[in-house]
Amino acid sequence: MRIGDKPAARLKELGVELRPSVPLSEKTSLGIGGSTDQLLLRKFETIPDVMRLLADENIPHRFLGGGTNVLIADGELPYIVLHLPTSQPGMRVEGNAAYVDAAADLGGMVTFCAKRDLGGMEGLIGVPGSVGGALRMNAGAYGTQIGSYVREVELYRASTGNLETLRGDDIRFDYRHTSFAPDDVMLRVKLELPSKPFKEILALIKVCNEKRRASQPLNQKSAGCIFKNPPGGSAGRMIDELGLKGHRVGDAMVSDRHANFFVNVANASCADMLRLIDEVRERVRVTYGVEIENEVIFWKN
Ligand code: EPU
């Protein structure tokens, strides 16, 4: 979608940078996604004004974070995407509290805190994506989930049109699910982390990195696990037992390393990936009687 000249001029006055016709395949870890105009929001304070302007002008929009857990449709998209700037996002530590901008890289945040002797999040080290995306999904791995450490979240609340601060106690963090509204935009988080010597944290980080390298296709284009694990079960194990590793639709393939990772081996389209997801879900349903839910978020046009 292209933004008209009039709203573009007003956005410029609000300090927003407009990048025309950006291929979102370059902004997602799957390497899939059509094209649209992109807005870079430089200052949090201007977000309510920008959102009001988009509403007044009837411009559909979505916020894109790290792009590591999203599947975006092909072709010209009927909405624009908004982005918080990722260069030099704020991170600071005060005692056991870490204050981090949502646009920061999740792994970058874990090592930043580790160097200041704050641990707890070692398991999250290889999870790709932004801090904001991790908050929204309550990202987790190796027994750690980010929600356990959240004390405050600053966000833009679309339902009120304001910037708000929520206390950690007022947010529910479940398995890959939170009580944030779908149109809440994460801006900044305050975490409270246990003190731990850097050396100890580093040793735990190494263990997690090794486990991950041994079981996941880290050098291929993917969105991590495609499905959530069903209660008490493992989507990866079921798909593997069905002999579906290496199964392909076009260039979308079930990883031969970890069966819950679907990889884009060259130029997969969103349509290929969706068909692969549906086929695998159906095979699991028929054989195991279990309905597995997407973990990856599909942006339907
Ligand atoms: N397994 C197989 N074949 C496979 C994959 C797994 O038999 O192809 C078996 C494993 O041997 C193991 C069990 O299934 O016995 C579970 O596998 P794994 O330890 O790899 O964990 P997972 O449940 O598949 C979860 C998260 C990952 C996270 C790892 C490590 C979900 C959906 N996935 O995977 O998170 O990295 O644990 O903690 O919760 C993600 O969310 O995108 C993600 C990758």
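In this chain, numbering begins with 1 at the start of the sequence shown. Both ligands and their constituent atoms are indexed starting at 1 by order of listing.
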- Task: Indicate whether any N or O donor in one side chain lies under 3.5 Å from an N or O acceptor in the other, for Asp183 and Ser159.
- Result: no

- Side chains of Asn294 and Arg281: donor-acceptor distance under 3.5 Å anywhere? yes

- So, do Tyr142 and Arg212 sit near enough that their side-chain heavy atoms are less than 4.5 Å apart? yes

- Query: Between Leu106, Ile205, Val110, Leu204, which is the residue that forms a side-chain contact (heavy atoms from CB on, under 4.5 Å) with Met121?
  - Reply: Val110

- Message: Strictly distance-based, threshold 3.5 Å: is any side-chain N or O of His83 a donor or acceptor partner for the main-chain N or O of Val81?
- Response: no

- Message: For Arg275, is there an ion pair with Asp272 - N to carboxylate O distance below 4.0 angstrom?
- Response: no

- Tell me, which residues have any heavy atom less than 4.0 Å from some atom of ligand 1? Ala141, Tyr142, Tyr175, Arg176, Arg212, Gln216, Gly224, Cys225, Phe227, Asn229, Ser234, Gly236, Arg237, Asp240, Lys245, His258, Ala259, Asn260, Phe261, Glu295

